[in-house]
Amino acid sequence: MSPDRSRLHIAIQKSGRLNDRSRQLLRDAGLKLSEAGRNQLTTRADNFPLDLMLVRDDDIPTFVADGVCELGIVGQNVLEEYALGQAAPRFEEVARLGFGSCALKIAAPESLDCFTLSMLAGQRIATSYPRLLQRFLVQEGIEAEIVTMRGAVELAPRLGIARFICDLVSTGATLEANGLAPVAEVFHSEAVLVRSLKPIDAAHAEKARALLMRIEGVIATAEAKYIVLNAPEAAISEISAILPGAEAPTVVPLVGRPGHFAVQAVCQESVFWETLERLKAAGASAILVMPIEKMML
Ligand code: PRT
Ligand code: ZN
């Protein structure tokens, strides 16, 4: 079945760690998504010309590079491993999505004391990311043997396949359960939105631009808050400096309270209780923090 070329296509993971958050992001961007059956490769948005291709995460770079999908959501680890095997760039990262965070780390047996990178020289290291590991070893000037495994990398030392491993880590529980400890970080990763570099026609490009604008709006509102507070004139510059990630707050005079103003601002960064305490200490009162539902930058 060839894809319907009147619609945009986005490749997302069919099932796994990135599936839920990828769908949620598209829903937050206002798309009504049909539920996909277990064996379905595609599903569509009912209110936007977009088809979702549901695939294994490892296939997403190929789908986007070949232009089968104009867009994709995938971990930087998978993307960079693929890109290192290509002669020229075939896609570009357009947004970091703030989920799926993990790090590719080299791990050693816990029993090994005082690890230094030079201990890797001449050793075998098992990994599913041979190109990322190779790049790291070259950068560090270390010659070691890379053993490529598709999965269950953490078992390699126990099976006698390799002394060291290089695998994705989030909580570290898997390493610990296998008597291993992280010793060096090779690559930090999170889920990203990528765009194909294959040329598309103007109508298609316009649809992609509209979708990207909505997604950027969703990302921007994820942390953003709207803050309203009252302050005496003398405190306004100090208060403005405390407001996290806010540009040019609106300052309006308060009726019946000469010398006092209402300050309103969109804060692009997290607003913590500590922030409110600092604002209060600087002279702010009646501080309100409100979520922002939609934002177009
Ligand atoms: O079927 P498909 O090929 O699509 O899925 P998959 O099994 O290859 O990938 P999946 O769903 O496990 O992960 C998808 C993406 O999530 C990865 O490519 C990363 O970008 C991201 N991610 C975030 C992780 C982890 N955290 C993670 N912890 N991917 C894998 N892990 C594994 C890791 O390989 C190790 O086995 O979890 C284990 C370690 O976890 P901790 O918490 O014990 O440290
Ligand atoms: Zn995979």
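Whatever order the structure lists ligands and atoms in, that order sets their numbers, starting from 1. Position 1 is the first residue of the sequence; numbering continues from there.
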> Once you restrict to heavy atoms under 4.0 Å, what part of V74 touches ligand 1? Side chain, backbone, both or neither.
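Within the 4.0 Å criterion, V74 makes no contact with ligand 1.
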> Considering all heavy atoms of both residues, which atom of A108 and which atom of V183 are nearest to each other, and what is their separation?
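Smallest interatomic distance, heavy atoms only, reads CB-CG1, 3.9 Å.
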> Please state which part of S170 comes within less than 4.0 Å of ligand 1, counting heavy atoms only: side chain, backbone, both or neither.
both
> Of I60, L168, N77, which has the heavy atom at the shortest distance from atom 35 (C) of ligand 1?
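Closest candidate by heavy-atom distance is L168.
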> Counting from 1, what ligand 1 atoms have a heavy atom of V78 closer than 4.0 Å?
18 (O)
> Numbering the atoms of ligand 1 from 1, which are under 4.0 Å from a heavy atom of G16?
11 (O)
> Donor-acceptor pair, N47 side chain versus K32 backbone, under 3.5 Å?
yes
> So is Y129 polar-close to ligand 1, meaning N/O to N/O under 3.5 Å?
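By distance alone, the answer is no.
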> Determine whether the side chains of D28 and Q24 contain a donor N or O and an acceptor N or O closer than 3.5 Å.
yes
> Looking only at heavy atoms, what is the nearest atom pair of N19 and S15, with distance?
CB-CA, 4.0 Å
> Which of the numbered atoms in ligand 1 are below 4.0 angstrom from a heavy atom of A173?
43 (O), 44 (O)
> Go through E80 and R135 one step at a time and tell me if the salt bridge (charged side-chain N to carboxylate O under 4.0 Å, His left out) criterion holds.
CA-CA 11 Å; E80 188 72 1; R135 180 174 70 180; 2.7 Å; yes
> Give the atom numbers and elements of ligand 1 that come within less than 4.0 Å of a heavy atom of T174.
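The list of qualifying atoms is 38 (C), 39 (C), 40 (O), 41 (P), 43 (O).
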> Indicate yes or no: at least one non-hydrogen side-chain atom of I125 is less than 4.5 angstrom from one of I165.
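Counting from C-beta outward, I125 and I165 never come under 4.5 Å.
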> Please work out, at 4.0 Å between heavy atoms, whether the side chain, the backbone, both, or neither of D167 comes within that distance of ligand 1.
side chain
> Listing request: all side chain to side chain donor-acceptor pair (under 3.5 Å) pairs with a residue in residues 270-286, at least two apart in sequence or in separate chains.
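As it turns out, the side chain to side chain donor-acceptor pair (under 3.5 Å) pairs with a partner in residues 270-286, which skip direct neighbours, are E223-S270.
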> Which of the listed options, R56, R17, E176, holds the heavy atom that is closest to atom 11 (O) of ligand 1?
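It is R17 that holds the nearest heavy atom.
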> Which atoms of ligand 1 have any heavy atom of T171 under 4.0 Å away?
41 (P), 42 (O), 43 (O), 44 (O)
> Tell me which N, O or S atom from D58 is the closest to the Zn ion (ligand 2).
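So the atom name we want here is OD1.
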> Can you name the N/O/S atom of D57 that is nearest the Zn ion (ligand 2)?
OD1
> Show which atoms of ligand 1 fall inside a sub-4.0 Å distance from at least one heavy-atom site of V169.
44 (O)
> Numbering the atoms of ligand 1 from 1, which are under 4.0 Å from a heavy atom of G75?
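Listed by number with element, the hits are 20 (O).
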> Touching ligand 1 at all, S101? Heavy atoms, strictly under 4.0 Å?
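The answer is yes: ligand 1 sits under 4.0 Å from a heavy atom of S101.
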> For ligand 1 and G172, I'd like to know whether there is a polar contact (N/O to N/O, distance under 3.5 Å).
yes
